[in-house]
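Input: a single structure, listed below in structure tokens.
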Amino acid sequence: MPGTAELVAIFREIADLLDLQGVRFKPEAYRRAARSLEAVTEDLGQISARGELRSIPGVGDAIAEKIAEYLRTGTVPYLDRVRGEVPPGLLEIMRLPGFGPKTARRLWVELGVEGPRELETALAAHRLDGLAGFGPKKIALLAAALARAGGTPMRRPLAAAWEIAESLLAALRAGAPVDRVEVAGSLRRRRETVGDLDILATSTAPERVFEVFSALPQIRTVRMRGPTKETVELADGLQVDLRVVEPAAFGAALQYFTGSKDHNVHLRSLARERGLKVNEYGVFRGEERVAGATEAEVYAALGLTEIPPEIREDRGEIEAAAAGRLPPLIDGPDIRGLLHVHLDRLGGAAGLADAARAARRLGWDYLGIVVAEESGGASVPSLPTGGPKVFVGVETTRVPSGRPPGGDYWVLRPAEGIVAPTATGAAGATGPLLIAHLPASVDAGFEPGQLRPWLALATDRPIAFEVTAGAGEDGLDSTVARQAVQAGAALAVGPGDVAATEWERFRLAVGLARRAGAGPSNVLNARPVTDLARSWAGRRRTG
DNA sequence: GCCGTTTTCGGCCCGACTGTTTTCAGTCG
């Protein structure tokens, strides 16, 4: 299927093939462009039509021309050219964990190995023995990696990774001589999927910390351990890096290991311009450490206001921080209630009372209880006074018009495969508020242009796009959500369809909204209860 | 191949860890 996702894959393959040829710098340039394209919220065709492809970070003349070519013809001939220069099987060898382009290329040049199958044969025939740089351990690692090949490590949904991380942090705090322990990496940036976990700790006895960590029941194997860093694999294959630093370097290390790569590279080049050096131990002027204990200190030393982890992606946030113009982002305490709580999930009236208590505990003023369209909304029990206000949402699978029967607002969950509003009820439809739960993930092949008809719908009626942190049933991902925010549309933030005991997960969804650049004014359920009641003209239930 | 309040050419982040080494190359994040 042509589109941004395919173009990203093409650039990544070009990068790998150039790597195999030993070409320097170009592979990173293509990867940078690929990462950048993944974050583009607008249709590439439109950007190209305006002649603005080069405004995408990492896209210069040569890559812009290849994008334009792809948009015209659906192919990038340069890919076929570089494919012709190395055997395709080498890609599989270089992607074996622990091995890379240099090894794959040497096996090809020195032994004629063109792919995994030939490598297997060569290993069996002991043809690698005696090859310079290939000792018995490396050969054994290669054989083991080859035997396990194919199982590409899966990225976990954010919520799943978060639960694993929480259990590891709790175990470390309880059993290891640590002062501070925090999660870093893409989980801290609240990326919607997480490839591995990064945990950072301060301690005066790192060795003991690693001992305790290695002995945790969740951990299957220790892959490597040095004086400052340990890498382990969990039973389900997830890789976890634990690093221990001294307190004076904690902020610098947290900043460094939170990333992203592009953000850090940009920061370090900024530091060079100012005669400074940044590494995971601090910001240095010559030998002198001028910052390091806190992240705020690190950013301040570089002349920047502190940048929230969720937007550290080098998409303009560093320039904004330098100018003191970082936009305010939505925060957990801004959330005033939930709007998408399924009555079924609560388990009836008793469950509703429990949910009301949970909502109070979280400081919320209202709950939007959602019922199926067929049920007519009449079955939602009222709450005793003093509890959160209860609104009733009616869930439907098609774009509705008119007032929801027996409810205050609509919740739209399109039937599977629907990616644009159907004609019925869409054009010119006005009506009470609509919360749209669209399964719109760039990873799953959603193209930026596909949001356009939905945004058009938002010009006719109040609509909010849902952002959740459930397990595989999420609404907009942060890239699509960013597009909605940039278009001035509202988001609705929630924990997904989970029990009230797991509502804390709404904080992860807040993280996704932050990644999208949403401030409090962009989030429907950050509005006070009175505003909300006004935003739909239906009857409302009072507690 | 990209990029620029030290540059339109000459740079391109930087440290940890492993395996094979006797001072380093490759890989990773």
Side-chain angles (χ1 to χ4, degrees), chain A residues 11 14-15 18-20 22-36 53-67 78 82 93-107 128-142 145 153 184-187 189 194-200 206 210 222-232 239-245 249 252-253 255-284 303 314 319 322-323:
Chain A
F11 286 163
I14 289 174
L18 291 173
D19 247 342
L20 282 169
V23 176
R24 286 164 56 80
F25 304 115
K26 283 192 194 185
E28 260 321 293
Y30 277 99
R31 289 193 187 102
R32 169 95 210 278
R35 284 195 296 274
S36 206
L53 286 173
R54 290 208 45 185
S55 70
I56 300 169
V59 175
D61 288 333
I63 290 183
E65 178 46 42
K66 290 179 179 70
I67 296 173
Y78 182 63
V82 288
I93 295 178
M94 83 172 259
R95 287 168 187 159
L96 294 172
F99 298 89
K102 299 274 171 53
T103 305
R105 183 177 175 79
R106 280 197 59 199
L107 292 171
L128 276 70
D129 299 3
L131 211 57
F134 285 81
K137 280 193 177 176
K138 188 170 273 187
I139 289 174
L141 281 173
L142 196 51
S186 54
L187 177 54
R189 298 201 313 279
V194 172
D196 56 21
L197 300 183
D198 284 291
I199 298 174
L200 185 66
F210 292 136
V222 176
R223 273 209 209 133
M224 58 176 78
R225 186 199 291 189
T228 67
K229 170 187 169 178
E230 174 169 29
T231 299
V232 303
Q239 179 180 312
V240 185
D241 289 344
L242 172 64
R243 292 174 170 88
V244 180
V245 300
Q255 192 289 315
Y256 186 86
F257 294 120
T258 298
S260 67
K261 181 189 177 75
D262 290 330
H263 178 88
N264 283 353
V265 168
H266 193 157
L267 273 195
R268 289 194 284 271
S269 64
L270 195 69
R272 289 168 65 100
E273 285 168 16
R274 301 179 183 204
L276 299 166
K277 188 178 80 163
V278 182
N279 59 26
E280 60 263 58
Y281 302 111
V283 181
F284 295 86
D314 196 22
E319 293 83 351

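Just so it is clear, the values below take in all heavy atoms, side chains as well, and ignore hydrogens, waters and symmetry mates. So that the names make sense, note that chain A is the first sequence line, chain B the second, and so on, each numbered from 1.
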Using the [atom1] atom on both, measure [N] against [M] and round to a whole Å.
N	M	atom1	value
dT21(B)	dT27(B)	P	16 Å
dT22(B)	dC17(B)	P	22 Å
dG1(B)	dT6(B)	C1'	23 Å
dC13(B)	dC3(B)	C1'	15 Å
dT7(B)	dC12(B)	P	16 Å
dT20(B)	dG26(B)	P	14 Å

So what does [X] touch, heavy atoms closer than 4.0 Å: a base, only the sugar-phosphate, or nothing?
X	result
N264(A)	nothing
K138(A)	sugar-phosphate
R225(A)	sugar-phosphate
R272(A)	sugar-phosphate
K277(A)	sugar-phosphate
E280(A)	sugar-phosphate
T103(A)	sugar-phosphate
P27(A)	nothing
Y256(A)	base

Original post:
With both distances kept under 3.5 Å, what pairs with dC12(B), Watson-Crick or G-U wobble?
Top reply: dG1(B)
Original post:
Which sits closer to the 5' end of DNA chain B, L131(A) or Y281(A), going by the nucleotide each is nearest to?
Top reply: Y281(A)
Original post:
When you match Y78(A) and Q239(A) each to their closest nucleotide on DNA chain B, which lands nearer the 5' end?
Top reply: Y78(A)
Kindly indicate whether the side chain of [X], heavy atoms from C-beta on, has any atom under 4.5 Å from the side chain of [Y].
X	Y	answer
I67(A)	F11(A)	yes
I139(A)	L128(A)	yes
E230(A)	V244(A)	no
D198(A)	Y256(A)	no

Original post:
So among R35(A), H266(A), K261(A), H263(A), which one has a side-chain hydrogen bond (donor to acceptor under 3.5 Å, both in side chains) with D314(A)?
Top reply: H266(A)
Original post:
After noting the C-alpha distance and the side-chain angles of T228(A) and R243(A), does the key distance pass the side chain to side chain contact (heavy atoms under 4.5 Å, CB included) rule?
Top reply: CA-CA 6 Å; T228(A) 67; R243(A) 292 174 170 88; 5.9 Å; no
**OP:** Shoot me the first and last contacting nucleotide of DNA chain B against chain A, ordered 5' to 3', at under 4.0 angstrom to non-hydrogen atoms.
**Re:** dG1(B) to dG29(B)
**OP:** Go through the steps for V222(A) and F210(A) under the test side chain to side chain contact (heavy atoms under 4.5 Å, CB included), then give the verdict.
**Re:** CA-CA 10 Å; V222(A) 176; F210(A) 292 136; over 6 Å; no
